[in-house]
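Just follow the structure's listing: the first ligand is 1, and inside any ligand the first atom is 1.
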Amino acid sequence: MRENSGRVLIVTDVQRDFCEGGALAVPRGEEVVRPINRLAQNYDLVVLTQDWHPANHQSFASQHPGRQPFEEMDFPYGLQTLWPDHCVQGSPGADFHPDLSVPHAALIIRKGFRAAVDSYSAFAEADGSVTGLGAYLRDRDVRHVDCVGLATDFCVAWSAEDAARQGFRVRVFQDACRAIDLNGSLEAAWARLSARGVALTQVG
Ligand SMILES: [Zn+2]
């Protein structure tokens, strides 16, 4: 019997394309796998997220002639960073890292599966549509949300912020995350998280 009832571990986007050799590799992204495997053993409830885009996803710079990856572009729901093509549905790059071992995970939330809308957070898409994860967790009397995965300053931070906004008590395990750090995005993410009362901790 694991301890941690009332607590969920959200494992964000530990997928091949975000690790070494992937289409949108996060520096040292693969280093999160081992601490996450160890940490997840302590949780009854683990939720995985999986970035999961159609090949014509509008967050891909390739869909916008003349645009380059990592530029920002105005979308109907706000500013959108353009990315290299990544995590295309059914492609090897969209698979979880082969060494990720969380067999008891209860739920996989797929993100960004609508061509026109990106989704960093496990709780809501970029246009505000909810995924249902908040209700799922409340139905299971979860009050504490712990976050790990890739990338710290995008998907992990957005999920942590949304969880805090929904009234969960939130922690981010820094040593089980890695960042993209685009134009100061990591520092900005830490500032937003600390303003929301999100605690930073370590797997150790
Ligand atoms: Zn994506």
Chemist: Is a salt bridge present between R114 and E125, judged by a nitrogen-to-oxygen distance below 4.0 Å?
Modeler: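 Result for this pair is yes, salt bridge flagged.
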Chemist: By the rule that ILVMFWY residues connect when side-chain heavy atoms come within less than 4.5 angstrom, directly or transitively, which residues belong alongside L79?
Modeler: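 Cluster partners of L79: none, it stands alone.
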Chemist: Going by the rule ring pair (Phe, Tyr, Trp, His ring centres under 6.0 Å), which residues pair with F75 if we only count those two or more places apart in sequence or in a different chain?
Modeler: H64, Y77
Chemist: Assess whether side chain to side chain contact (heavy atoms under 4.5 Å, CB included) is satisfied between Q166 and F123, documenting all intermediate values.
Modeler: CA-CA 9 Å; Q166 293 195 17; F123 290 86; 3.8 Å; yes
Chemist: Sorted by first residue and then second, give each salt bridge (Lys or Arg N to Asp or Glu O under 4.0 Å) pair with at least one member in residues 129-139; sequence neighbours left out.
Modeler: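 For residues 129-139, and leaving out neighbouring residues, there are no salt bridge (Lys or Arg N to Asp or Glu O under 4.0 Å) pairs at all.
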Chemist: Take the Zn ion (ligand 1) and tell me which protein N, O or S atoms are nearer than 2.8 Å.
Modeler: D51 OD2, H53 NE2, H86 NE2
Chemist: Cut-off 3.5 Å, side chains only: do D13 and T49 have a donor facing an acceptor?
Modeler: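 Yes, T49 and D13 have a side-chain donor paired with an acceptor closer than 3.5 Å.
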